[in-house]
Amino acid sequence: MAESAILEGLNPAQYEAVTYTGGPLLVVAGAGSGKTRVLTHRIAHLIEDHGLSPFEILAITFTNKAAGEMRHRVGWLVGPVAESMWVSTFHAACVRILRRDAAYIDYPTRFTIYDQGDAVRLCGYVLRDLNLDHKRFPPRSVHAVISAAKNDNIGADEYAERASNIYERRIAEVFSTYQRRLASAGAMDFDDLLLRTVELFRNNPEVLERWRQRFSHVLVDEYQDTNPVQNELVISLGAQSRQVTAVGDADQSIYAFRGADIRNILEFERAFDDVRIVVLEQNYRSTQNILDAANSVIVNNTGRKPKDLWTDRGSGPSIVRYHADDETDEARYVVSEIVRRRQDEHMGLDEMAVFYRTNAQSRAVEEQLIKAEVPYRLVGGTRFYDRREVRDAMAYLKAVTNPGDEVSVKRALGVPKRGVGATSVAKMDAYAAENGLTFHEALRHCAEAGVTGRSATGAGQFCALIDDIASLQASPAAVLQELLERSGYLDELRSEKSVEADGRLENLAELVGVAGEHDAMDDFLEAVALVADTDDLADPGSDESAVTLMTLHSAKGLEYPDVYIVGLEDGVFPHIRALTEPHELEEERRLAYVGITRAMRQLTVTHAWSRLLYGSRQYNPPSRFLKEIPEDLVHTVDGSRMARSRYYRRSRRERSLDRASINRDEIVDRALDAGRQARPSPSGADRLGLKVGDDVRHSQWGEGVIIDIRGEGDDAQASVRFASVGDKQLLLSWAPLQKI
DNA sequence: GCATCCCCCATTTTT
DNA sequence: TGGGGGATGC
C-alpha cells in the first residue's frame, strides 16, 4: 500500500504514534510536540488507510472547543465522512449514551442537566431542609465534597459507609438526600452524567456490550486531566477491542484541584498489560532557551518520568526577567515592551499574551493597556451562560420543559418579583414533602399549603404562564421570546433604563439568537448546559488584533510568539495556599511549566518588589520558580532603584536572617493561615514540638525557618529554609535540629 | 416581602 | 480593593 499523504512529514515517534495498531497505546506528548497532529492523523489514518468507518470511532477531548477543532482537522484530512464520528467531551458523549439508554437507569430520556450553579443551589435547599448550620456547612463546599466523591467513583451509599466522623456522616446524609432530590427533579449534575454512565455499564453487561461493539476504537486526549470515573469509562469501553489510545502529559496536569488524577496514566498502563508507550519529545513550538527553562523548572518535581523537550530551531533570545517596583510598574513595563515590539519588530498584537496566576492580577495590566491605547482581549471572567439574566432565562425554559426541575422552577418563580417570597416557598416545600409532591405540584395547590393573598395570586399567575407556554408548539427561540415577554422579565429591564439593564437586554437578545440556531428545545438546552465556551458565540467587535490576557490555566493548549508571565513571587505564583502543601506546590510548578512552554520565541517573566493585594501592600520574595531557571538563560532588567531601596529599608529588620526570605515571617504566617483550614497539623511533628513557622538551628547550616511539615512520627519530614543554603528537606527524627 | 447596609472574605475552571 | 451574603430595618 502506498503511503498516504496522511503519514507524510511525521517524525519517527509521531509516525509510530499514528500507525501503531497493535493494541493499547499511550502517547506521552510533551508540550508543543504535535499532539493534536498525531491524534487527528491517527484518526484519519484509521479511516483512510484501514477502512474504518468513522462511526466506529469515539474521540474524547476536554473541551467543546477542542472537540470542534479536532473534528474540523480530521474533516480536512478525510472529508465530510468525519461528520458521523463522535468527537466530543466525556460529558457530551455520556449524555448521548444516557439519553439512549435512560430506561435502564430509571431516568426520563429528557432529563435535565444541572450545571454547577444549579447543583450548588439544590445542595443549599437540602442543607436547609436538613436544618444544617449554613456556617459550618456552606452549600458551595458541601457540593464540592460531594462532587469530589463522585469524581472519585464514590456514590452516596459508599460515601455513607466510609464516613468516619460526624462531619462526614452529616455530609453523607446530605449526599443521599441530594441524589434523591436530583432524581425526583429528573435532573443530573455534571458528575452524574459520568457516574451514571459507568453504573449503566457496570450493571447492564448487555448495554456495555452494545457500546463496545459500536466503538471499536477509543481515543482520549489530555489523559492527565481525567478523573477516576472517566478512567473507568475508557477502560470498560476499551477492554475488549483493546484499541484504546490515550494521549497526555503528566507534566501538564494542572487540574488536580477539580478531581483530575495523573495516576490514571499509570492506571491505564496497569489496566491494559501490554501498553505501547510512545514519547514525543521533539518540540516544534519554542526556542531551545525556552525549553531549557521549562525543563529545568519541571525537573524539580519528584516522582515524574524523565522527559526532556528539545528542538532543532536554535537557542533564540534570552529570557527576560524584570524586577518591577510594584504591580503598576510591572504592568507599565510589560505594556511598554508590547508597544515597542509592535513598532520596532512589527509584531502583531495577537502574537502577544500576558499570563497571570489569578484573575485579579489582570487589572493592573488592563489599566496600563488602556492608558497606552492598546487593544486587548480578556479571556475568562464571568461567562456568558453564567450571567444572571441568561441563567434566569434558562431557568424559565427548563421549568417549562421539565416542571419537576425544582431548582429552575424556584429560580424562575423569583424573577421578576411576584410577591412569592421565602416564607411562601418554605410553606410549599413543606407541603410538597408531606404529600410526596414535587415543588411545582405544591405550587399549583398553594392554597392548601397555606399560601394566601398576594403570594397566592403570584403563584397562580406563574403556574398559568408555565402551562400556557408549555402548550405552545414553537421553536426554542420563539418560546424563549414569549417567556421573556409574558413573564414581564423584559419589561422590568426596559423600564430600568440603566447601562447595566441595557447590557442585560442585549445578552438576552443574543441568547434568543443562539436559540434560533436550534430546531428542538432539547438540543438547545443540552447545548447550553454542556457548552460553556463563550468563544463559540459571535463576538462582533473582536476582529481587531489585540493582546490576549488570561490566567495560566486558560493558557493551556495555546501558543504565542511573545509571552509575558507576571507576578512571579512566592505567595502569588506559587500561590500562597500551595506553599505548605508539597502536592499543590508541584501542581503550581506544572502550571509554570505550562506557562513557559506557551512561548514560541520570546518569554518575559516579571516580579514586583511590592504588590497591592486584597487591599493591602505586600512584599513577597521572588518566586522559587525563577530561581529554578538557569541564570545563563536569563537577561535581567531592573526596575527603578527607588522602589528597591524602599523595599530594603522596610525589611532591614528581617534581612538579618536571609536575603531570599526577607519577609519570611509574613509569608510563613500567611501560608500557615491558608494551610490551616485545609488540614490539621501532623501529630508526629507535634511530638517533636516543631511546627511550621518555628525558627530552628542546624548544626551545619545554621539558622532557618520551618516552612512545611508532613508525614507522621518517625517519618515526619520538614522543609526548612536556611539562610545559608536555601531550602532543605529534613527527616525530623534524624536531623540535628534545635528549636530556637 | 423587600431594600439597604455592613461585614467578611479572598486560587486556578470545564462540563 | 471589591463582591457576595447575612443581618437588620421598613
Side-chain angles (χ1 to χ4, degrees), chain A residues 60-67 88-95 113-119 124 134-135 138-140 144 147 150-151 188-195 222 225-227 229-230 253-260 327 355-361 363-364 379-383 385-386 388 414 416-426 451 453-455 458 526-535 550-557 567 571-579 581 584 587-588 590-592 594-595 611-618 670 673-674 677-678:
Chain A
I60 301 287
T61 60
F62 234 69
T63 62
N64 290 294
K65 202 174 152 196
S88 69
T89 62
F90 271 107
H91 296 266
C94 286
V95 169
I113 299 167
Y114 275 2
D115 65 19
Q116 184 164 310
D118 298 328
H134 48 273
K135 280 265 191 233
R140 288 195 68 84
S147 177
K150 289 185 182 181
N151 282 322
M188 288 195 205
D189 65 14
F190 284 141
D191 307 314
D192 278 347
L193 296 177
L194 307 172
L195 203 52
E222 307 277 17
D225 286 335
T226 57
N227 63 39
V229 184
Q230 293 165 331
S253 161
I254 53 174
Y255 286 114
F257 71 90
R258 64 179 206 214
E327 75 283 353
F355 304 152
Y356 34 80
R357 176 64 238 268
T358 64
N359 283 303
Q361 291 170 259
R363 197 182 186 131
V379 176
T382 314
R383 287 190 302 259
Y385 292 108
D386 272 343
R388 197 172 71 202
K417 302 253 178 294
R418 299 189 161 76
V420 191
T423 21
S424 303
V425 169
V451 177
R454 204 191 307 169
S455 304
E526 187 177 313
V528 173
L530 294 179
V531 179
D533 281 344
T534 335
D535 307 334
M550 66 179 118
T551 63
L552 285 146
H553 281 89
S554 310
K556 199 171 91 163
V572 175
F573 184 34
H575 193 270
I576 180 88
R577 307 192 67 146
L579 288 177
E581 185 53 67
E584 286 185 38
E587 178 143 316
E588 298 279 308
R590 291 192 292 270
L591 192 55
V594 166
R611 181 177 298 277
L612 203 58
L613 215 59
Y614 303 140
S616 66
R617 191 147 290 280
Q618 300 191 354
R670 283 185 290 132
D673 221 39
Q677 301 152 3

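Atom set for the values below is all heavy atoms of this structure, side chains included, hydrogens, waters and symmetry mates excluded.
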Taking OP1 and OP2 of dG2(C), is either one under 4.0 Å from a side-chain nitrogen or oxygen of R363(A)? yes

On the nucleotide dT12(B), are OP1 or OP2 found under 4.0 Å from the side-chain N or O atoms that N359(A) carries? yes

May I ask you to verify if any side-chain N or O of T551(A) is less than 4.0 angstrom from the OP1 or OP2 atom of dT13(B)? yes

R258(A) has a side chain; which of dT15(B), dT14(B), dT11(B) sits nearest to it? dT14(B)

At less than 3.5 Å, do the side-chain atoms of R577(A) and the base atoms of dT11(B) form a donor-acceptor pair? no

With heavy atoms under 4.0 Å as the rule, sort F90(A) into base, sugar-phosphate or nothing. nothing

Nearest of dT15(B), dT11(B), dT13(B) to any side-chain atom of T358(A)? dT11(B)

Polar pairs (N or O, both sides) under 3.5 Å between protein and nucleotides 1-3 of chain B?
| unit_1 | atom_1 | unit_2 | atom_2 | d |
| --- | --- | --- | --- | --- |
| dG1(B) | OP1 | A422(A) | N | 3.4 |
| dG1(B) | OP1 | T423(A) | N | 3.1 |
| dG1(B) | OP1 | T423(A) | OG1 | 2.2 |
| dG1(B) | OP2 | T423(A) | OG1 | 2.5 |

Nearest-0.5 Å distance, OH of residue Y356(A) to CZ of residue R363(A): 13.0 Å

Closer than 4.0 Å, any side-chain N/O of Y614(A) to the OP1 or OP2 of dG3(C)? no

In chain order, what residues pass the salt bridge (Lys or Arg N to Asp or Glu O under 4.0 Å) check against R258(A), with sequence neighbours excluded? none

Just wondering, do H575(A) and dT11(B) stack (centres under 5.5 Å, planes under 30°)? yes

Selection from dT15(B), dT11(B), dT13(B) that lies nearest to any side-chain heavy atom of T89(A): dT15(B)

Taking any heavy-atom pair under 4.0 Å as a contact, classify E587(A): base, sugar-phosphate, or nothing. nothing

Could you check whether D225(A) gets within reach of a base, just the sugar-phosphate, or nothing at all, counting any heavy atom under 4.0 Å? nothing

In chain order, what residues pass the salt bridge (Lys or Arg N to Asp or Glu O under 4.0 Å) check against R357(A), with sequence neighbours excluded? E588(A)

Below the 4.0 Å mark, does dT13(B) have OP1 or OP2 next to a side-chain nitrogen or oxygen of S554(A)? yes

